[in-house]
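Residue indices begin at 1 and follow the sequence shown.
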Amino acid sequence: MTVFSMELGRIELGSSWKVQSHPYCPLQDASRRKNRLSVKFPGQWKGGELQRCNNLQVLVPEKRSVLNDARLPSFKPLSCTSNGRYALSEVKTDELSTWDQETLILKKAEEIIPHLKGKCIYLVGMMGSGKTTVGKILSEVLGYYFFDSDQLVEEASGGASVAQIFKERNEQGFRDSESEVLKQLSNMYRLVIATGGGAVVRPQNWNYMRQGITVWLDVPLEALAARVVAVGTESRPLLGQESADCYSQALTRLTKLYEDRAEAYASSDVKVSLRNIAVGLGNKDVSHLSPTVIAIEALMEMSKLMTYRKLKLMNAAAGS
């Protein structure tokens, strides 16, 4: 049996595999709340690949409400609709302070937690769409644990980077490992998982992700190109080598990738359109959107999904 050790979402070979949870909300001192969950990951290593992984076992600590902390401020109302629900589109950009964002996201998280029933949340979308950043925020406010599937594939491959895996084992080899990671995670609960940009191309991956809720972060291609160029394209094997005009090259390749994957992305349970959020806030430039605002929109869209599914079940029960 091979057992791993994980700290803050990073796997390391060792005597045990433990996950350090993120604090339940960004307003709390992370050093004061160190919740751990123990995980056993049976399997065997062979040629840098994990073989026969199964029976992923998780011990989840008792769930606590994000609002049961006296140190948290009481909620002050922002722009509300007539039925008392917050309407993000009604709040002007300059009025949505950092404090307001944290207050609103905690409120929306508290509302949706009972309806999630521990289901995992899978963030899908193009490279550079902010899945990791938004995912960490969601995990904090929901009291979930965060995983990055690309990082898990890297650690399962002996620490090789995604770019190295593509070079040594080609894209097929990487996708095989990615599918194995998603298969294992699909047996767990209360996780937010940032998936690789191309995870949606394999039908079998959808079988795993359908165990939870899939959320598509839809970012305009121009904004994606600007983001990936700003941080460098060396770690993005599907973008190729940098050229004199990095932005144009990145935009061309991203456009092609998006065209190949758009239909798959659209199969997600929830779509979070950054363009629509920006327009609703009176700002066409999505680069001004904070990750917290995007996470709030994701929670609101998931809440709509939960309501729709509940009504569907009620109607089906009434019809029978």
Side-chain angles (χ1 to χ4, degrees), residues 122-135 148-154 157 160-179 181-182 193-206 209 214-268 270-281 283-291 293-295 297-298:
Y122 295 84
L123 298 178
V124 304
M126 294 284 288
M127 64 180 77
S129 59
K131 299 185 294 290
T132 296
T133 303
V134 173
D148 184 308
S149 66
D150 280 355
Q151 186 178 16
L152 297 184
V153 171
E154 289 177 337
S157 299
S161 67
V162 171
Q164 289 176 313
I165 298 172
F166 265 73
K167 183 177 180 180
E168 296 172 2
R169 297 169 50 200
N170 63 51
E171 184 175 359
Q172 178 72 23
F174 174 82
R175 298 299 174 199
D176 289 343
S177 296
E178 180 179 59
S179 294
V181 164
L182 292 175
I193 302 151
T195 66
V200 298
V201 301
R202 282 194 171 186
Q204 70 187 86
N205 292 344
W206 283 101
M209 295 190 292
T214 51
V215 179
W216 174 24
L217 299 186
D218 184 21
V219 183
L221 293 174
E222 297 81 6
L224 287 177
R227 290 181 184 182
V228 298
V229 169
V231 300
T233 60
E234 296 85 356
S235 61
R236 311 284 188 179
L238 293 180
L239 292 184
Q241 299 297 319
E242 292 188 359
S243 63
D245 189 352
C246 296
Y247 175 82
S248 295
Q249 181 189 40
L251 181 59
T252 299
R253 292 183 180 275
L254 286 170
T255 300
K256 179 61 170 63
L257 288 172
Y258 180 81
E259 291 173 348
D260 294 339
R261 302 171 179 175
E263 184 176 353
Y265 287 141
S267 299
S268 301
V270 168
K271 176 182 177 181
V272 177
S273 170
L274 270 65
R275 191 186 302 278
N276 289 346
I277 300 174
V279 171
L281 293 173
N283 191 335
K284 296 181 180 180
D285 188 355
V286 301
S287 65
H288 295 305
L289 297 176
S290 72
V293 165
I294 299 169
E297 185 73 8

For this session: Indicate yes or no: at least one non-hydrogen side-chain atom of L182 is less than 4.5 angstrom from one of T195.
Result: yes
Seminar exercise, completed: Closest non-hydrogen atoms of V124 and S268, given as atom of the first, atom of the second and distance, are CG2-OG, 3.3 Å
Problem set entry | Donor-acceptor pair, side chain of S290 and main chain of V293, under 3.5 angstrom | yes
Exercise. Who passes salt bridge (charged side-chain N to carboxylate O under 4.0 Å, His left out) against R202, sequence neighbours left out?
Worked result: D176
Exercise. How long is the span from the CD atom in E178 to the CG atom in L152, to the nearest 0.5 Å?
Worked result: 10.5 Å
Exercise. Are the side chains of D218 and N276 in touch, meaning some heavy atoms are under 4.5 Å apart?
Worked result: no
For this session: Evaluate the ring planes of Y265 and W216, with Trp represented by its six-membered ring, and classify them as parallel (under 30°), tilted (30 to 60°) or perpendicular (over 60°).
Result: parallel
For this session: Kindly give the heavy-atom pair with the smallest separation between L274 and P220, and that separation in Å.
Result: CB-CD, 4.4 Å
Problem set entry | OG-CZ distance between S129 and R227, expressed to the nearest 0.5 angstrom | 7.5 Å
Problem set entry | Stepwise side chain to side chain contact (heavy atoms under 4.5 Å, CB included) check, L281 with H288 | CA-CA 10 Å; L281 293 173; H288 295 305; over 6 Å; no
Exercise. Between K256 and E259, does at least one N-O distance fall below 4.0 Å, as a salt bridge requires?
Worked result: no
For this session: Measure across R169 and S177 and return the closest heavy-atom pair with its distance rounded to 0.1 Å.
Result: NH2-OG, 2.9 Å
Exercise. Is there a side-chain contact between F166 and R175, using heavy atoms and a 4.5 Å cut-off?
Worked result: yes
Exercise. How far apart are the C-alpha atoms of M126 and L257, what are their side-chain angles, what is the distance that settles it, and do they pass the side chain to side chain contact (heavy atoms under 4.5 Å, CB included) test?
Worked result: CA-CA 8 Å; M126 294 284 288; L257 288 172; 3.8 Å; yes
Exercise. Does the side chain of L224 come within less than 4.5 Å of Y258's, by heavy atoms?
Worked result: no
Seminar exercise, completed: Rounding to 0.5 Å, atoms CD (Q249) and CG (L251) come to a distance of 11.0 Å
Exercise. Are the side chain of K131 and the backbone N or O of I193 linked by a donor-acceptor pair below 3.5 Å?
Worked result: no
Exercise. How close do L254 and L221 get, heavy atom to heavy atom, and via which atoms?
Worked result: O-CD2, 4.0 Å
Exercise. Under 3.5 Å, side chain of E154 to main-chain N/O of V162, donor-acceptor pair present?
Worked result: yes
Exercise. Between V134 and P291, which heavy-atom pair has the shortest distance, and what is it?
Worked result: CG2-O, 4.1 Å
Exercise. So do the side chains of T132 and Q151 get within less than 4.5 Å of each other, counting heavy atoms only?
Worked result: no
For this session: Looking only at non-hydrogen atoms, find the nearest pair between L217 and I294 and report the distance.
Result: CD2-CG2, 4.3 Å
